[in-house]
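Report on the following structure.
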Amino acid sequence: MTNNLSHHQIAEYLVSNAISMMTKYLMEDKHCSITVAMDAIYGSKLLSLLQQEDDELYVQDPAYLYELLQQED
């Protein structure tokens, strides 16, 4: 089976997955709503770093990325 996914598509998927997992972690740790958790992520410096495909930060484990997010506070 041939995989025809582009680097960009893979990056988008991994960023989306990281956001999803970090949202879950925030909701569990801070006992907050999904809206509050997503606002924190989308307002973070980490998100812009994640979206820079050349740096490939998005390939890191979501738990590690969550630790980076917590360091912003």
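Sequential numbering from 1 along the given sequence is applied to the chain's residues.
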Please list every donor-acceptor pair under 3.5 Å in which a side-chain atom of residues 13-20 meets a protein atom from a residue at least two apart or in another chain.
none

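- With Leu50 as the partner, the side chain to side chain contact (heavy atoms under 4.5 Å, CB included) test is satisfied by one option alone out of Leu65, Ile41, Asp55: Leu65.
- For the atom pair Leu26 CG and His31 NE2, the distance stands at 11.5 Å (nearest 0.5 Å).
- A pairwise comparison of heavy atoms in Leu46 and Met22 identifies CD2-SD, 3.9 Å as the closest pair.
- Between Asp29 and Gln70 there is a side-chain heavy-atom pair separated by less than 4.5 Å.
- For the atom pair NZ (Lys45) and CG (Leu69), the distance works out to 12.0 Å, reported to the nearest 0.5 Å.
- Cluster membership check: Tyr25 does not share its hydrophobic cluster with Val36, using side-chain heavy-atom separations under 4.5 Å among Ile, Leu, Val, Met, Phe, Trp and Tyr.
- Atom CD1 of Ile34 is separated from atom NZ of Lys24 by 12.5 Å, given to the nearest 0.5 angstrom.
- Note that OH of Tyr58 and CD of Glu12 are 10.5 Å apart. Values are rounded to the nearest 0.5 Å.
- Glu56 is linked by a side chain to side chain donor-acceptor pair (under 3.5 Å) to His7, counting only residues two or more places apart in sequence or in another chain.
- The nearest pair of heavy atoms linking Ser44 to Glu72 is CB-OE1, 3.3 Å.
- Within 6.0 Å of CG on Leu49 lie more than 12 heavy atoms contributed by other residues, nucleotides or ligands.
- Across all their heavy atoms, Met27 and Ala37 have their closest contact at CG-CB, 3.8 Å.
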